[in-house]
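The structure appears below as structure tokens.
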Amino acid sequence: MIDITNAIREVDNKHIVIIEGNGWGNNYNGILPQWDKNMVLSFHKYWSYNDQPSAENMIKTRDQYNIPVWLGETGENSNVWFTEAIRLFEANNIGWAWWPLKKVGANNPMEIKSNLNYNDVVNYINGNGNKPKESNVYSGLMELATYARLENTIIHYDVIDAMIRQPFSAETRPFKKHFIGSNSLIHAVDYDLGRNGIAYFDKDTADYHVSTGKYTAGNRGRIYRNDGVDIAKDDIKYESYYVNNIESGEWLQYTVDIEKKGVYTIKLNIASDNSRGRISLTSNGVLIAKEVKVPNTGNMKTFKTIEIKNIALNAGKQRIKVLADTGYFNFNYLQFIR
């Protein structure tokens, strides 16, 4: 590092030299003190809790040697983790860069769409499939390259919101505009944007498994959205998703715009392999349906509709909350009938 720095300074005395320690940028034993007046230390942070102790190594090193630190690589987790991490970095005046901007998968600002031929290549490399044809390999890789172009990626606005707005605002915002007329349907996965416990509540919110020695899944589905809420893809319908792995006490909020004041029937599309589930509804914090029984629909992928009648709703903005008093069911959509 010293030799390289000296070589750089022979031609450039202006630019910052960023160095990175051992152990994925977290171990500077035997490297410091610094040997240049314009240096920065780069750290990594993954999968640990976002509490003050998790940043202490960076802060202690910065203060001891009076040298700036840079969180040069972090990410690869849920929206909850992103929001808490960025709030921690900003509070301690630590600059940060995200890993990565885009890749295959939903936990980045941009998602590169995969394809069947490329999936066959991945499965074969991992020992889970037959060797694909050479022509299929070429086709799959070229299609992946095409979808890697910025304009062809899937933009995950929930990830962007979690990184840019949510660290500094507890306000909720609609994920999509929900205008409620006489026969309006809202997909369960289109709940509000915002922090866990404010826009929704899920008990398993992030992937913690390195520093704690305990693995938590965070988002089990890892598709469509990147919050703690577990989402699955419908095997039959195209680009159709539903909320699954619902635990007792979890809930989802939907900001809606009611066209007319009136009495509504709210239909909930539910799948369950048991009859233990119970659902309550609130509107702007007021209970409008209490512990509605969820029937056994046969299995967790057979969806049937239950009706909650005589629900009085005022016109204008309403925050509808769907609460799982008792879980053990999957949730596809809610519909308002006037």
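Fair warning: this is a prediction, and the values are worked out from it, not measured in the lab.
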(request) Could you note down all residue pairs passing side chain to side chain donor-acceptor pair (under 3.5 Å) where residues 124-149 supplies at least one of them, sequence neighbours left out? (result)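 Sorted result for residues 124-149: R149-E151.
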
(message) Taking the ring of W24 and the ring of F43, is the distance between their centroids below 6.0 Å?
(response)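 Distance test on ring centres: not under 6.0 Å, no.
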
If every non-hydrogen atom of [X] is compared with every non-hydrogen atom of [Y], which pair is closest and at what distance?
| X | Y | value |
| --- | --- | --- |
| S42 | E20 | OG-OE1, 3.0 Å |
| A232 | I223 | C-CD1, 3.7 Å |
| E259 | A315 | O-CB, 4.1 Å |
| I31 | G21 | CD1-CA, 3.8 Å |
| R165 | E171 | NH1-O, 2.7 Å |
| I306 | K293 | CD1-O, 4.0 Å |

Short side-chain to backbone donor-acceptor contact, [X] and [Y], under 3.5 Å:
| X | Y | answer |
| --- | --- | --- |
| N50 | W81 | yes |
| N6 | I2 | yes |
| S240 | D234 | no |
| N196 | D202 | yes |
| T153 | I155 | no |
| R87 | P167 | yes |
| N296 | D273 | yes |
| N79 | G228 | no |
| S54 | Y49 | yes |
| T297 | T302 | yes |

What do you reckon, is [atom1] of [X] surrounded by more than 12 foreign heavy atoms closer than 6.0 Å?
| X | atom1 | result |
| --- | --- | --- |
| N66 | CG | no |
| D12 | CG | yes |
| Y328 | OH | no |
| H156 | NE2 | yes |
| Y118 | OH | no |
| I154 | CD1 | yes |
| K203 | NZ | yes |

(request) With ring-ring contact (aromatic ring centres under 6.0 Å, His included) as the test, would you mind laying out the steps for F336 and Y254 before giving the verdict? (result) CA-CA 13 Å; F336 296 77; Y254 305 86; 8.9 Å; no

Could you tell me whether the side chain of [Y] reaches within less than 4.5 Å of the side chain of [X], counting heavy atoms only?
| X | Y | result |
| --- | --- | --- |
| I112 | L144 | yes |
| E307 | L268 | no |
| I266 | L281 | yes |

(request) Give the C-alpha distance, both sets of side-chain angles, the deciding distance and a yes or no for side-chain contact (heavy atoms from CB on, under 4.5 Å) between I270 and K304. (result) CA-CA 5 Å; I270 302 293; K304 295 183 179 180; over 6 Å; no

Pairing donors with acceptors under 3.5 angstrom, does anything connect the side chains of [X] and [Y]?
| X | Y | answer |
| --- | --- | --- |
| S280 | D325 | yes |
| Y191 | D158 | no |
| D36 | T5 | no |
| N269 | Q335 | no |
| E73 | Y46 | yes |

(message) Taking K103 first and then E76, would you say they form a salt bridge - that is, a charged N and a carboxylate O separated by under 4.0 Å?
(response)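 Salt bridge flag = yes for E76 with K103.
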
(request) May I ask you to decide whether D227 forms a salt bridge with R225, counting only side-chain N to carboxylate O separations under 4.0 Å? (result)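 Looking at R225 together with D227, the answer is yes, because their closest N to O distance falls below 4.0 Å.
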
Taking atom [atom1] of [X] and atom [atom2] of [Y], what is their separation to the nearest 0.5 Å?
| X | Y | atom1 | atom2 | answer |
| --- | --- | --- | --- | --- |
| N108 | M163 | CG | CE | 9.0 Å |
| S182 | K260 | OG | NZ | 8.5 Å |
| H44 | W47 | NE2 | CH2 | 11.0 Å |
| K301 | N332 | NZ | CG | 13.0 Å |
| D207 | N77 | CG | CG | 5.0 Å |
| S283 | R319 | OG | CZ | 10.5 Å |

(request) Report the C-alpha separation of N29 and N27 in whole Å, then their side-chain angles, then the decisive distance to 0.1 Å, and conclude whether the side-chain hydrogen bond (donor to acceptor under 3.5 Å, both in side chains) test is met. (result) CA-CA 6 Å; N29 294 333; N27 184 349; 3.1 Å; yes

(request) Give the intermediate values and the outcome of side-chain hydrogen bond (donor to acceptor under 3.5 Å, both in side chains) for residues S78 and N226. (result) CA-CA 5 Å; S78 72; N226 192 44; 5.7 Å; no

(request) Group every Ile, Leu, Val, Met, Phe, Trp and Tyr by side-chain heavy-atom contacts under 4.5 Å, then state whether W98 and I94 land in the same group. (result)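 Yes, same cluster.
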
(request) Could I get the full list of side chain to side chain donor-acceptor pair (under 3.5 Å) partners for E84, not counting sequence neighbours? (result)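 Per chain and number, E84 pairs via side chain to side chain donor-acceptor pair (under 3.5 Å) with no residue.
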
(request) Going by the ring-ring contact (aromatic ring centres under 6.0 Å, His included) test, name the single residue among F331, Y333, F329, F303 that passes it with Y242. (result)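 Going through F331, Y333, F329, F303 one by one, the ring-ring contact (aromatic ring centres under 6.0 Å, His included) with Y242 is satisfied by F303 alone.
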
(request) Check the pair K317, N284 against side-chain hydrogen bond (donor to acceptor under 3.5 Å, both in side chains), reporting the backbone distance first and the verdict last. (result) CA-CA 9 Å; K317 183 179 179 180; N284 288 346; over 6 Å; no

(message) Name the residue from I180, I288, I337 that meets the side chain to side chain contact (heavy atoms under 4.5 Å, CB included) definition with Y264.
(response)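 For Y264, the side chain to side chain contact (heavy atoms under 4.5 Å, CB included) check succeeds only for I180.
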
(request) Please assess K113 against N152 for the test side-chain contact (heavy atoms from CB on, under 4.5 Å), listing each intermediate value before the final yes or no. (result) CA-CA 8 Å; K113 288 184 284 187; N152 295 332; 5.7 Å; no

(request) Go through T74 and W96 one step at a time and tell me if the side-chain hydrogen bond (donor to acceptor under 3.5 Å, both in side chains) criterion holds. (result) CA-CA 8 Å; T74 188; W96 50 269; over 6 Å; no

(request) Mind running salt bridge (charged side-chain N to carboxylate O under 4.0 Å, His left out) on R173 and D192 for me, showing each step along the way? (result) CA-CA 6 Å; R173 292 182 179 179; D192 285 355; over 6 Å; no

(message) side-chain contact (heavy atoms from CB on, under 4.5 Å) for V243 and V189? Distances and angles first, verdict last.
(response) CA-CA 6 Å; V243 178; V189 294; 4.0 Å; yes

